[in-house]
Amino acid sequence: MQEPSKTVLRLTALPARRPTEFTLEPDQAARRKLARELELTELSKLRFSGTLRPVGRNDWQLDATLGATVEQPCGVTLAPVRTRIDETVRRRYSDSYTAPDETEAEVPEDDTLEPLPETVDLNAVMAEALTLAVPAFPRAPGAELGAQVFAPEGVEPLTEEKVKPFAALADLKKKLGGGDDTGNGGAA
């Protein structure tokens, strides 16, 4: 893994006319630490590489690729699930960025736009991108949740079929003897 001083880039110290290239490949100890933070069973591979380049007079853009192999427990069976992650990462740091005033603001259409920082911590960007890319509900092949039916003793359980809006009408139609599908109520 790169030294911390080389993963935290001060924007004013970078070349103003050409991109700055970077590659992070954390060692096993750093991957284990990140795996614990993300509650992964294993993080066997991790690579984050790209460029940070100036845009206009004051803005910057980070374009990178994130590659990782993660293992986490299946959400149904707890069996290990390995997932290969290959993501494109883009961050645009703008000097003219203004945060929404409202406490409950809508998510902006462009989620790559951020305020211009003094420094860009590549390890933090990599960790954030990995966090967003890891499957929230991994499933082992063939793992199915199946229907769960709960009811107090002596009460008929409410099933999905009974909750459907026209299920009661279909039952009523059958009870009244109109069981055919001609729309004539059983009359010929």
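Just so it is clear, the model here is predicted, and its values are computed rather than measured.
- In this structure, OG1 on T83 lies 11.5 Å from CG on D86, to the nearest 0.5 angstrom.
- Listed by first and then second residue, the ring pair (Phe, Tyr, Trp, His ring centres under 6.0 Å) pairs involving residues 53-86 amount to none (not counting sequence neighbours).
- Identified under the salt bridge (charged side-chain N to carboxylate O under 4.0 Å, His left out) test for residues 113-122, with sequence neighbours left out: R10-E118, R91-E114.
- Here the closest heavy-atom approach between residue L116 and residue N58 is recorded as CD2-O, 3.4 Å.
- Every side chain to side chain contact (heavy atoms under 4.5 Å, CB included) that L132 has, sequence neighbours left out, goes to E128.
- Residues L122 and V8 fail the side-chain proximity criterion, which asks for heavy atoms closer than 4.5 Å.
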Table please: side-chain donor-acceptor pairs of residues 37-54 below 3.5 Å, with sequence neighbours left out.
{"unit_1": "S44", "atom_1": "OG", "unit_2": "R82", "atom_2": "NH2", "d": "3.0"}
{"unit_1": "R47", "atom_1": "NH1", "unit_2": "E25", "atom_2": "OE2", "d": "3.0"}

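- A distance of 11.0 Å separates CG of D27 from NZ of K33, quoted to the nearest 0.5 Å.
- Listed by chain and residue number, nothing satisfies the side-chain hydrogen bond (donor to acceptor under 3.5 Å, both in side chains) test with T20 (two or more places apart in sequence, or in another chain).
- Taking CG of N123 as the start and OG1 of T7 as the end, the distance is 4.0 Å to the nearest 0.5 Å.
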Yes or no on side chain to side chain contact (heavy atoms under 4.5 Å, CB included) for F22 and L62, after CA distance, side-chain angles and deciding distance?
CA-CA 10 Å; F22 61 86; L62 180 142; 4.0 Å; yes
Check residues 63-70 and write down every donor-acceptor pair under 3.5 Å in which the side-chain atom is one partner and the other belongs to a residue at least two apart or another chain.
{"unit_1": "D63", "atom_1": "OD1", "unit_2": "Q61", "atom_2": "NE2", "d": "3.4"}
{"unit_1": "D63", "atom_1": "OD1", "unit_2": "R90", "atom_2": "NE", "d": "2.7"}
{"unit_1": "D63", "atom_1": "OD1", "unit_2": "R90", "atom_2": "NH2", "d": "2.9"}
{"unit_1": "D63", "atom_1": "OD2", "unit_2": "Q61", "atom_2": "NE2", "d": "2.8"}
{"unit_1": "T69", "atom_1": "OG1", "unit_2": "R84", "atom_2": "NH1", "d": "3.1"}

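- R17 pairs by the side chain to side chain contact (heavy atoms under 4.5 Å, CB included) definition with nothing, not counting sequence neighbours.
- Inter-residue side-chain proximity for L130 and L34 is flagged as met; some heavy-atom pair is nearer than 4.5 Å.
- Contacts classified as ring pair (Phe, Tyr, Trp, His ring centres under 6.0 Å) and involving residues 69-93 (residues at least two apart or in different chains) are not found.
- E71 has its side chain out of reach of V81: every pair of non-hydrogen atoms, C-beta onward, lies at least 4.5 Å apart.
- The two residues P26 and A30 come nearest to each other via the heavy atoms CB-CB, 3.8 Å.
- Taken to the nearest 0.5 Å, the CD atom of Q28 stands 4.0 Å off from the CZ atom of R32.
- Residues L11 and V120 are in side-chain contact: their nearest non-hydrogen atoms beyond the backbone lie under 4.5 Å apart.
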